[in-house]
Colleague: 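Can you read through this structure? Questions will come right after.
Positions are given from 1 along the sequence.
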Amino acid sequence: MTENKPIRDVYDAIADPTRRELIRLLAGVEELPLYELTVQFQMGRTAVSKHLSILKESGLVTDRKVGRETRYQFNAAPLKEIQDWVAFYGSFWKEKMMLLDDLLKED
């Protein structure tokens, strides 16, 4: 049995500010149709649709058809990879800050 892996890298997907804003908008609701997302941006429906397609390829967004309308929903699971990556380097910064704190206390 093969695992459904995202087509696009999650880091690539969140690199664009428009896509990060789309994620923010979708994170606060159960789902939104394309037309409600499009009015939030100064770009056309096609451009917003392309950004949503990239998010979908990375697994960050799912969609479903309701009649003639497509509704989009946020899926946070792929962000775990980023959280783990940041946490790894967070321990590095914590150690450096503790050393800085020790140096300041010495003065």
Colleague: Are Val86 and Ile23 joined in one hydrophobic group, where the rule is that I, L, V, M, F, W and Y side chains link up if heavy atoms are under 4.5 Å apart?
Modeller: yes
Colleague: Can you get from Tyr11 to Leu60 by hopping between Ile, Leu, Val, Met, Phe, Trp and Tyr side chains that sit under 4.5 Å apart?
Modeller: yes
Colleague: Which distance, rounded to the nearest 0.5 Å, do you find between the CD of Glu95 and the CG of Leu99?
Modeller: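 Glu95 atom CD to Leu99 atom CG measures 5.5 Å (nearest 0.5 Å).
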Colleague: Does Lys65 have any salt bridge (Lys or Arg N to Asp or Glu O under 4.0 Å) partners at least two apart in sequence or in another chain, and if so, which?
Modeller: none
Colleague: Could you state whether Ile82 and Tyr89 fall into the same hydrophobic cluster, counting links through intermediate Ile, Leu, Val, Met, Phe, Trp or Tyr residues with side-chain heavy atoms under 4.5 angstrom apart?
Modeller: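 Yes; Tyr89 is reachable from Ile82 via cluster members.
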Colleague: Checking Gln73 now: which residues fulfil side-chain contact (heavy atoms from CB on, under 4.5 Å) with it, not counting sequence neighbours?
Modeller: Glu30, Glu31, Thr62
Colleague: If Ile, Leu, Val, Met, Phe, Trp and Tyr residues are connected whenever their side-chain heavy atoms lie under 4.5 Å apart, and connections chain through other members, are Leu55 and Val29 in the same group?
Modeller: yes
Colleague: Does Ile14 offer a backbone N or O that forms a donor-acceptor pair with the side chain of Arg20 under 3.5 Å?
Modeller: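 Yes: the side chain of Arg20 pairs with the backbone of Ile14.
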Colleague: Only one of Leu26, Leu32, Leu25 forms a side-chain contact (heavy atoms from CB on, under 4.5 Å) with Tyr72, so which one is it?
Modeller: Leu26
Colleague: Using side-chain heavy atoms (C-beta onward) and a distance below 4.5 Å, is Leu79 in contact with Phe74?
Modeller: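 The answer is yes, as the side chains (C-beta and beyond) meet within the 4.5 Å cut-off.
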Colleague: Please list, chain by chain and in numerical order, all residues satisfying side-chain hydrogen bond (donor to acceptor under 3.5 Å, both in side chains) with Arg24, sequence neighbours excluded.
Modeller: Glu21
Colleague: Please name the pair of heavy atoms, one in Glu36 and one in Gln40, separated by the smallest distance, quoted to 0.1 Å.
Modeller: O-CG, 3.6 Å
Colleague: With sequence neighbours excluded, what pairs up with Lys94 under the side-chain hydrogen bond (donor to acceptor under 3.5 Å, both in side chains) test?
Modeller: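 Residues passing side-chain hydrogen bond (donor to acceptor under 3.5 Å, both in side chains) with Lys94: none at all.
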Colleague: Closer than 3.5 angstrom, by distance alone: can the side chain of Ser53 be matched with the main-chain N or O of Ser49 as a donor-acceptor pair?
Modeller: no
Colleague: What verdict does the side chain to side chain contact (heavy atoms under 4.5 Å, CB included) test give for Glu69 and Tyr35, after you've listed the backbone C-alpha separation in whole Å, the side-chain angles of each residue and the deciding distance to 0.1 Å?
Modeller: CA-CA 9 Å; Glu69 175 180 88; Tyr35 73 88; 3.1 Å; yes
Colleague: Val39, Leu22: one ILVMFWY side-chain cluster at the under-4.5 Å cut-off?
Modeller: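 No, it is not one cluster - the side chains of Val39 and Leu22 are not joined through contacts under 4.5 Å.
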Colleague: Taking only residues two or more places apart in sequence, or in another chain, which ones meet Glu81 in a side-chain hydrogen bond (donor to acceptor under 3.5 Å, both in side chains)?
Modeller: none
Colleague: For Arg45, what residues pass the side-chain hydrogen bond (donor to acceptor under 3.5 Å, both in side chains) criterion, not counting sequence neighbours?
Modeller: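 Residues passing side-chain hydrogen bond (donor to acceptor under 3.5 Å, both in side chains) with Arg45: none at all.
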Colleague: Walk me through it: do Asn75 and Val61 pass the test side chain to side chain contact (heavy atoms under 4.5 Å, CB included)?
Modeller: CA-CA 5 Å; Asn75 174 31; Val61 166; over 6 Å; no
Colleague: Which distance, rounded to the nearest 0.5 Å, do you find between the CD of Glu57 and the CG of Leu52?
Modeller: 11.5 Å
Colleague: Partners of Phe88 by ring-ring contact (aromatic ring centres under 6.0 Å, His included), sequence neighbours excluded?
Modeller: none
Colleague: Name all pairs fulfilling the salt bridge (Lys or Arg N to Asp or Glu O under 4.0 Å) condition that reach into residues 47-56, sequence neighbours left out, sorted by first residue then second.
Modeller: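 For residues 47-56, and leaving out neighbouring residues, the salt bridge (Lys or Arg N to Asp or Glu O under 4.0 Å) pairs sorted by first residue read Lys56-Asp63.
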Colleague: If you round to the nearest 0.5 Å, how far is CZ of Arg71 from CG of Leu37?
Modeller: 10.5 Å
Colleague: Could you pull out all residues at least two apart from Ile54 that satisfy side-chain contact (heavy atoms from CB on, under 4.5 Å)?
Modeller: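 Testing Ile54 for side-chain contact (heavy atoms from CB on, under 4.5 Å), a comparison that skips the adjacent residues, returns Arg8, Ala13, Arg19.
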